[in-house]
*Asks:* 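Have a look at this one.
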Amino acid sequence: MPPASDSPLDSTPTPREVLAALRASERRFRRLAGAVPQLIWTTDDDGRPNYYNDRWLAYTGQTADEALAPGGGSGAIHPEDFGAVRAGWESTRACGEYEVEYRLRRHDSVYEWHLARVVRVVGEDGVYEWVGSATNIEALRESESRYRALAATLEARVAERTAEVRALAARLTVAEQVEQARIAQVLHDDLQQQLYGLTMTLALLQRAPSVEASTPLVTRASGVLDGAIQMARTLARELSPAVLELDQLGEFLAWVAAQKREKYGLDVSVELRGAPPLEDQVSRVLLYRALCEVLLNVVKHSGGTAARLVGWAEDGLVYVLVEDDGAGFDVAAVVDRRGGGFGLSSVRERLELVGGRFEVESAPGAGTSVTLAVPAGEPSSDVLLTGSS
């Protein structure tokens with residue numbers, strides 16, 4: 001037996017071995033191409049397909065022969081998207097790659113959106129081939145569509161809310177001006193007139209011929225001065241009532257009840273469920289102004305003689321229920337229209353702007369129940385109520 005040769009020619013694979021290696025390589029490629037989630041295909045340089053992976057065949061329901069037949073693979077593309085695919089293919093021949101979104105028909109004839117990417121590759125023999133992949137983006141597009149719809153809805157809500165805030169700010173400005181005008185009128189027509197009368201009385205007192213003649217003038221001056229002092233105190237209480245410093249709901253409601261009994265003669269009772277605090281000053285102002293407006297409506301419009309205030313706390317809000325024995329009214333006609341005056345509709349808007357609540361139950365001849373709620377903690381806005389006290 002001749003000795004073993006070290007010549008490299010002896011290690012040259014036989015044609016059978018080369019063919020077996022090629023087939024093994026092709027099987028590995030097909031296993032790899034079939035395992036990825038994308039739909040994959042290859043074409044020759046003229047765009048004729050020569051391979052579709054198993055994902056493509058399973059998705060479209062085509063057989064390999066059907067897919068490789070002329071127009072087979074492209075026939076699964078939605079007709080409306082075929083023009084974009086064709087334009088992308090033409091641009092690919094110039095730049096070497098492209099991406100395009102199109103709808104692809106499933107095996108059950110339902111079209112879903114895919115993102116396709118095609119690249120040009122050059123084999124060792126210098127022959128061009130094209131490798132394409134398509135990723136299902138149907139869920140992504142649906143999410144984007146929902147996001148756009150949500151964004152549009154939020155934008156509309158923000159615009160609506162902004163318009164409401166601007167309208168409310170305008171009404172608050174007007175209400176502030178009205179209140180300032182009222183104060184100016186009190187100062188001019190009442191307090192100033194009393195002080196002027198006091199001045200005239202003092203002038204007469206200076207010219208009084210005797211002590212006996214001055215006595216009635218002193219009495220008159222003292223009365224005028226007492227009236228002016230009382231008027232100034234009343235005005236000060238209206239501008240900054242002491243109730244706004246009370247941080248317990250029970251004390252707060254008792255003060256309001258006593259004030260309205262004294263001012264209007266309205267029989268106001270108080271009932272508490274627990275002992276809820278009312279620590280935030282902005283919430284106290286909101287609740288006080290709202291109660292003033294509601295109780296003023298009881299006196300002016302309902303014809304009622306009694307009201308009951310029920311207070312409690314729940315889920316971060318402080319509630320007060322106001323019930324009266326008045327004539328009642330049509331809620332839809334008075335409260336449910338926004339932007340009308342400075343009454344109950346304005347109270348509702350201001351409470352809602354800070355995360356509070358405002359609910360009314362009433363009917364002609366059945367009395368009225370109004371539920372007010374303000375945040376127990378820090379409100380989300382510093383919008384206050386300007387109204388009657």
*Asks:* Check this for me: E271, atom CD, are more than 12 non-hydrogen atoms of other residues, nucleotides or ligands nearer than 6.0 Å?
*Replies:*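 Yes, the 6.0 Å shell around CD holds more than 12 heavy atoms from other groups.
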*Asks:* Return yes if some donor-acceptor pair links the side-chain N/O of R55 with the main-chain N/O of Q38 below 3.5 Å, else return no.
*Replies:*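 Not confirmed, R55 side chain does not pair with Q38 backbone.
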*Asks:* So F329 and P364, do their side chains get closer than 4.5 Å, heavy atoms only?
*Replies:* no
*Asks:* Which distance, rounded to the nearest 0.5 Å, do you find between the CG of L253 and the OG of S269?
*Replies:*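 Separation between the atoms: 10.5 Å.
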*Asks:* What are the two closest heavy atoms between Y52 and G73, and how far apart are they?
*Replies:*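 Y52 and G73 have their closest heavy atoms at OH-CA, 3.3 Å.
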*Asks:* How long is the gap from CG on L286 to CD on Q281, to the nearest 0.5 Å?
*Replies:* 11.0 Å
*Asks:* Step by step, would you call C292 with K260 a side chain to side chain contact (heavy atoms under 4.5 Å, CB included)?
*Replies:* CA-CA 8 Å; C292 287; K260 301 312 173 186; 3.5 Å; yes
*Asks:* Give a yes or no on whether the backbone of H107 and the side-chain of T60 come within a donor-acceptor separation of less than 3.5 Å.
*Replies:*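 The answer is no, because no donor-acceptor pair under 3.5 Å joins these two groups.
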*Asks:* Is there a donor-acceptor contact under 3.5 Å from the side chain of N53 to the main chain of I40?
*Replies:* yes
*Asks:* Using a distance-only test with no angle check, is there a side-chain donor-acceptor pair under 3.5 angstrom linking Y59 and R105?
*Replies:* no
*Asks:* Are L321 and T371 packed together at the side-chain level, in the sense that at least one heavy-atom pair is separated by less than 4.5 angstrom?
*Replies:*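 Yes, their side chains come closer than 4.5 Å.
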*Asks:* So, does R273 use its side chain to make a donor-acceptor pair with the main chain of G311 at under 3.5 Å?
*Replies:*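 Answer holds: no.
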*Asks:* Compare all side-chain heavy atoms of L272 with those of W312 and state whether any distance is below 4.5 angstrom.
*Replies:*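 Side chain of L272 against side chain of W312, heavy atoms only: no contact under 4.5 Å found.
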*Asks:* With no hydrogens and no angle check, is any side-chain donor or acceptor of S302 less than 3.5 Å from a backbone partner on G328?
*Replies:*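 Flag not set: sc S302 to bb G328 has no pair under 3.5 Å.
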*Asks:* Same cluster for L317 and F252 if Ile/Leu/Val/Met/Phe/Trp/Tyr side chains link at under 4.5 Å?
*Replies:*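 No, separate clusters.
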*Asks:* Spell out, as yes or no, whether a donor-acceptor pair under 3.5 Å connects the side chain of S145 to the backbone of R141.
*Replies:* no
*Asks:* Pick one: which of V122, N50, V119 meets side-chain contact (heavy atoms from CB on, under 4.5 Å) with E129?
*Replies:* N50
*Asks:* Are V256 and V268 connected into the same hydrophobic cluster when the rule is that any two of I, L, V, M, F, W, Y join if their side-chain heavy atoms are below 4.5 Å apart?
*Replies:*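 Shared cluster, yes.
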*Asks:* Would a distance-only check, ignoring hydrogens and angles, find a side-chain to backbone donor-acceptor pair under 3.5 Å from N297 to E293?
*Replies:* yes
*Asks:* Which heavy atom in L295 sits nearest to a heavy atom in A307, and how many Å separate them?
*Replies:*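 Reported closest heavy-atom pair: CD2-CB, 4.0 Å.
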*Asks:* With a cut-off of 6.0 Å (strictly less than), are more than 12 heavy atoms of other residues, nucleotides or ligands near CD of E142?
*Replies:* yes
*Asks:* Indicate yes or no for a side-chain donor-acceptor contact from R308 to the backbone of D324 under 3.5 Å, with no hydrogens or angles considered.
*Replies:* no
*Asks:* Could you check E97 against R117 for salt bridge (Lys or Arg N to Asp or Glu O under 4.0 Å), going step by step and ending with a plain yes or no?
*Replies:* CA-CA 7 Å; E97 64 179 277; R117 184 171 186 268; 2.7 Å; yes
*Asks:* Whether E80 and R103 form a salt bridge (side-chain N of Lys/Arg under 4.0 Å from carboxylate O of Asp/Glu) is what I want to check.
*Replies:* yes
*Asks:* Assess, by modelled atom type and distance only, whether the side chains of Y288 and Q259 contain a donor and an acceptor separated by less than 3.5 Å.
*Replies:* yes
*Asks:* Step through it carefully: locate the ring centre of W41, locate the ring centre of W130, and say whether they are under 6.0 Å apart.
*Replies:*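 Ring centroids of W41 and W130 are no less than 6.0 Å from each other.
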*Asks:* Output the distance between atom OG1 (T12) and atom CD (E17), rounded to the nearest 0.5 Å.
*Replies:*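 If I round to the nearest 0.5 Å, the distance is 10.0 Å.
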*Asks:* Keeping E323 on the side-chain end and S369 on the backbone end, is there a donor-acceptor pair under 3.5 Å?
*Replies:* no
*Asks:* Taking atom NE2 of H114 and atom CG of D81, what is their separation to the nearest 0.5 Å?
*Replies:*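 If I round to the nearest 0.5 Å, the distance is 12.0 Å.
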*Asks:* Should the pair E112-R106 be classified as a salt bridge under the 4.0 Å nitrogen-to-oxygen rule?
*Replies:*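 Yes.
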*Asks:* Nearest 0.5 Å, please: how far is CG in L39 from CG in N136?
*Replies:*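 The distance works out to 7.5 Å.
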*Asks:* Would the distance check show the side chain of D325 and the main-chain N or O of A306 forming a donor-acceptor pair, the cut-off being under 3.5 Å?
*Replies:* yes
*Asks:* Is it possible for you to say whether V294 and L296 belong to one hydrophobic cluster, with membership spreading through side-chain heavy-atom contacts below 4.5 Å?
*Replies:*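 Yes, it is one cluster - the side chains of V294 and L296 are joined through contacts under 4.5 Å.
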*Asks:* Other than L154, what residues sit in its cluster of Ile, Leu, Val, Met, Phe, Trp and Tyr side chains whose heavy atoms are under 4.5 Å apart, directly or through others?
*Replies:*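 Cluster partners of L154: L150.
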*Asks:* Would L372 and Y319 count as a side chain to side chain contact (heavy atoms under 4.5 Å, CB included) if you check the C-alpha gap in whole Å, the side-chain angles of each, and the deciding distance to 0.1 Å?
*Replies:* CA-CA 6 Å; L372 307 170; Y319 288 82; over 6 Å; no
*Asks:* Do the side chains of L244 and W255 get nearer than 4.5 Å, heavy atoms only?
*Replies:* no
